[in-house]
Structure formats: structure tokens, C-alpha cells
Amino acid sequence: MLFDLYTVDDQEDTLAVYEHWRKESDVWDIHFNQPYAVKTGKLMEEAVIGDLKQYMNFVTEI
């Protein structure tokens, strides 16, 4: 439903992504299985240091 990309002050190599989905299963079952997401995920895994999962933080409430 919503996608925003932010820079982080004084951290030129850091980006924050905010996504809002109707339900969590849409992310895991639909979004991450789309060709663009599979390709982007592979590029991100090559670009980050260590395991990509350490950079992913999920919030269910604000």
C-alpha cells in the first residue's frame, strides 16, 4: 500500500525503507516471490557485508 525510501543524516551509506502492507502474508507470499524482488534481493545480498537478514528490521506497531 505504501513504499518510502529515506536517507539517514550523517550516514551516506545507509538507507531506510518503509513499506506498509495490508497483511504480513502479502510480503512473504507475494512480494518476495515477484521477479523484481528476487533480483533485487540477490543484488542486495552481494552488496551488504555479512548476512542480509541482520539489516532487516520489522515493526508491526508504531
Side-chain angles (χ1 to χ4, degrees):
M1 292 178 51
L2 178 69
F3 177 90
D4 286 316
L5 181 66
Y6 299 95
T7 57
V8 177
D9 291 342
D10 300 320
Q11 296 183 33
E12 294 180 7
D13 61 347
T14 302
L15 298 172
V17 176
Y18 173 79
E19 297 179 72
H20 180 80
W21 296 85
R22 284 193 176 98
K23 56 187 180 187
E24 186 176 347
S25 63
D26 288 348
V27 177
W28 300 107
D29 299 338
I30 299 171
H31 173 62
F32 283 143
N33 289 308
Q34 297 299 309
Y36 65 85
V38 172
K39 185 174 182 175
T40 301
K42 288 178 183 176
L43 291 171
M44 290 175 62
E45 287 175 1
E46 292 174 12
V48 301
I49 297 169
D51 184 2
L52 178 61
K53 291 180 183 178
Q54 71 181 335
Y55 299 103
M56 298 178 74
N57 298 293
F58 296 91
V59 176
T60 58
E61 293 183 28
I62 295 180

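What you see below is based on every heavy atom in this structure, not just the backbone, and it leaves out hydrogens, waters and symmetry mates.
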With sequence neighbours excluded, what pairs up with Q11 under the side chain to side chain contact (heavy atoms under 4.5 Å, CB included) test? V8, D13, T14

Applying side chain to side chain contact (heavy atoms under 4.5 Å, CB included), can you list everything that pairs with L2, at least two apart in sequence or on another chain?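 Side chain to side chain contact (heavy atoms under 4.5 Å, CB included) list for L2, sorted by chain: D4, Y18, H20.
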
What are the two closest heavy atoms between W21 and D26, and how far apart are they? CE3-CB, 4.0 Å

Over all atoms of both residues, closest heavy-atom pair of V38 and F32: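 Scanning both residues, the minimum pair turns out to be CG2-O, 3.7 Å.
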
I'd like to check the ring pair (Phe, Tyr, Trp, His ring centres under 6.0 Å) partners of Y6; sequence neighbours left out, ordered by chain and number.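 Y6 satisfies ring pair (Phe, Tyr, Trp, His ring centres under 6.0 Å) with no residue once adjacent residues are dropped.
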
Could you check whether atom CD of E12 has more than 12 heavy atoms from other residues, nucleotides or ligands sitting under 6.0 Å from it?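 Not more than 12 within 6.0 Å, no.
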
Going by heavy atoms in the side chains, are Y36 and H31 under 4.5 Å from each other? yes

Give every residue pair that meets the side chain to side chain donor-acceptor pair (under 3.5 Å) criterion with at least one member in residues 38-52, sequence neighbours excluded.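 Those involving residues 38-52 do not exist here.
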
Other hydrophobic cluster members with L5, side-chain heavy atoms of Ile/Leu/Val/Met/Phe/Trp/Tyr under 4.5 Å, chained?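 F3, L15, V17, all in the cluster of L5.
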
State the CD1-NZ distance between I30 and K23, to the nearest 0.5 angstrom. 7.0 Å

